[in-house]
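Below: the structure, in structure tokens.
Just follow the structure's listing: the first ligand is 1, and inside any ligand the first atom is 1. Treat the numbers as computed from the prediction; the structure is a model and nothing was measured.
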Amino acid sequence: MSSASRQAPVIIITGTPGTGKSTHAQLLADESPIPLKNINVGEWVKERGLYEEYDQEWQSYTVDEDRVCLFVIAATPVPTPTRQLLDELEPIVADGGVILDWHTCEAFPERWADLVVVLRCDHSKLWERLEKRGYPLKKIQENNEAEIMQVVLEEARSSYPAEIVVELSSEGMEDLEANIARIVEWIKIWQKQHSGET
Ligand SMILES: Nc1ncnc2c1ncn2[C@@H]1O[C@H](COP(=O)(O)OP(=O)(O)O)[C@@H](O)[C@H]1O
């Protein structure tokens with residue numbers, strides 16, 4: 001499957017937890033000129049039982065033996081979803097018209113993505129958001145460090161061609177609106193470029 005054979009694009013929205021992925025994905029699904037199926041991959045993992053266990057200390061689901069929760073510590077295994085997760089997503093992604101919302105993106109095959117949006121947020125704002133969410137202190141600290149170290153951005157840059165990876169600030173409502181407007185414009189251009197292709 002390549003982007004040229006798809007009727008609609010596949011957009012990955014990624015970023016450290018709390019940067020605004022779900023908020024962006026929902027608004028984009030509402031405002032996109034092409035219908036987009038919004039898949040929250042973390043919820044998908046939970047609903048379908050594709051995790052091995054729930055880690056009480058981290059309040060995170062683990063997939064295979066790796067944690068779904070984002071870690072900055074180099075010694076920690078890179079999050080890897082099960083083969084089953086990728087197999088289930090593959091036919092959905094093949095049709096295009098999908099938003100994949102997850103805090104990691106490197107597991108997804110390069111050919112899946114037409115656009116990879118990496119959301120960024122100032123660490124003090126992120127801290128407040130994660131605190132409001134009731135995350136344990138350790139998890140807030142780890143995610144905060146990951147944001148400062150731009151772990152997700154580096155992961156996206158090393159997994160996908162530079163021209164499809166876009167870093168966007170998600171600190172306020174004006175960012176949200178501007179980001180969605182920008183992605184909608186990108187979809188319109190994608191649509192024009194792919195019109196007439198089968
Ligand atoms: N650009 C933004 N401006 C203001 N608040 C935001 C923005 N993006 C997200 N938020 C808020 O931050 C919190 C986390 O957003 P969410 O979309 O759930 O993040 P994620 O899916 O990345 O974990 C929510 O309360 C949301 O309303």
Side-chain angles (χ1 to χ4, degrees), residues 10-32 36-48 50-51 54-55 58-63 66-72 76 78-79 81 85 89 98-108 112-113 115-157 159-160 165-187:
V10 176
I11 300 172
I12 295 174
I13 300 185
T14 190
T16 308
T19 49
K21 297 179 296 296
S22 301
T23 308
H24 278 72
Q26 186 56 56
L27 194 58
L28 181 60
D30 292 344
E31 299 203 353
S32 171
L36 296 176
K37 189 175 166 61
N38 180 8
I39 300 180
N40 181 318
V41 180
E43 290 300 318
W44 182 287
V45 164
K46 271 188 250 173
E47 284 166 16
R48 285 156 200 262
L50 297 178
Y51 53 89
Y54 183 73
D55 186 316
W58 284 93
Q59 296 186 13
S60 298
Y61 290 89
T62 60
V63 171
D66 303 329
R67 293 173 201 280
V68 172
C69 165
L70 184 68
F71 291 89
V72 70
T76 311
V78 173
L85 171 64
L89 289 175
V98 177
I99 302 168
L100 293 172
D101 158 3
W102 209 15
H103 60 249
T104 177
C105 62
E106 66 184 357
F108 301 140
W112 280 14
L115 179 67
V116 180
V117 174
V118 184
L119 297 176
R120 303 300 311 278
C121 184
D122 167 76
H123 66 92
S124 53
K125 278 203 177 84
L126 186 66
W127 188 287
E128 283 172 24
R129 288 181 192 174
L130 296 179
E131 227 171 21
K132 268 194 200 155
R133 204 177 252 185
Y135 273 14
L137 181 61
K138 196 169 161 186
K139 192 166 164 178
I140 297 175
Q141 284 169 337
E142 289 287 340
N143 281 304
N144 220 257
E145 280 178 47
E147 182 58 14
I148 292 166
M149 301 298 285
Q150 51 186 51
V151 171
V152 180
L153 180 63
E154 296 303 332
E155 183 187 288
R157 284 181 174 156
S159 307
Y160 300 94
V165 177
V166 183
E167 178 186 9
L168 297 176
S169 174
S170 172
E171 294 181 3
M173 294 311 287
E174 61 292 347
D175 290 332
L176 173 65
E177 285 163 21
N179 294 342
I180 297 305
R182 197 169 155 186
I183 302 169
V184 164
E185 279 314 302
W186 177 90
I187 292 172

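Across all their heavy atoms, Ala25 and Asn38 have their closest contact at CB-OD1, 3.4 Å. Between Val98 and Leu36, the closest heavy-atom pair is N-CD2, 4.0 Å. For the pair Thr14 and Trp102, the tightest heavy-atom approach, listed with the atom from each and the gap, is OG1-O, 2.8 Å.
Between Asp175 and ligand 1, no pair of N/O atoms sits closer than 3.5 Å.
Scanning all protein heavy atoms for the shortest distance to atom 8 (N) of ligand 1 gives Ser170 OG, 3.3 Å. Protein heavy atom at the shortest distance from atom 27 (O) of ligand 1 is Thr23 OG1, 4.1 Å. Annotation: atom 18 (O) of ligand 1 to nearest protein heavy atom, Arg133 NH2, 2.8 Å. Atom 19 (O) of ligand 1 has its closest protein heavy atom at Gly20 N, 3.1 Å. Ranking the protein heavy atoms by distance from atom 7 (C) of ligand 1 puts Arg129 NH2, 3.4 Å first.
Using a 4.0 Å cut-off between charged side-chain N and carboxylate O, Lys46 and Glu43 make a salt bridge.
Listed for the Lys21 side chain is a donor-acceptor partner under 3.5 Å among the backbone atoms of Thr16.
For ligand 1, the atoms sitting less than 4.0 Å from at least one non-hydrogen atom of Pro17 are 23 (O), numbered in the order shown with element in parentheses.
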- Query: After noting the C-alpha distance and the side-chain angles of Lys139 and Glu142, does the key distance pass the salt bridge (charged side-chain N to carboxylate O under 4.0 Å, His left out) rule?
  - Reply: CA-CA 5 Å; Lys139 192 166 164 178; Glu142 289 287 340; over 6 Å; no
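For the atom pair Asn144 CG and Met149 CE, the distance stands at 12.5 Å (nearest 0.5 Å). Lys125 NZ to Glu147 CD: the interatomic distance, rounded to the nearest 0.5 Å, is 12.0 Å.
For Glu171, every heavy-atom contact with ligand 1 shorter than 4.0 Å involves the backbone, none the side chain. Contacts between Lys21 and ligand 1, counted as non-hydrogen atom pairs separated by less than 4.0 Å, involve both the backbone and the side chain.
For atom 25 (O) of ligand 1, the nearest protein heavy atom lies 4.0 Å away or farther.
Contact analysis puts Gly172 in contact with ligand 1, with a non-hydrogen atom separation below 4.0 angstrom.
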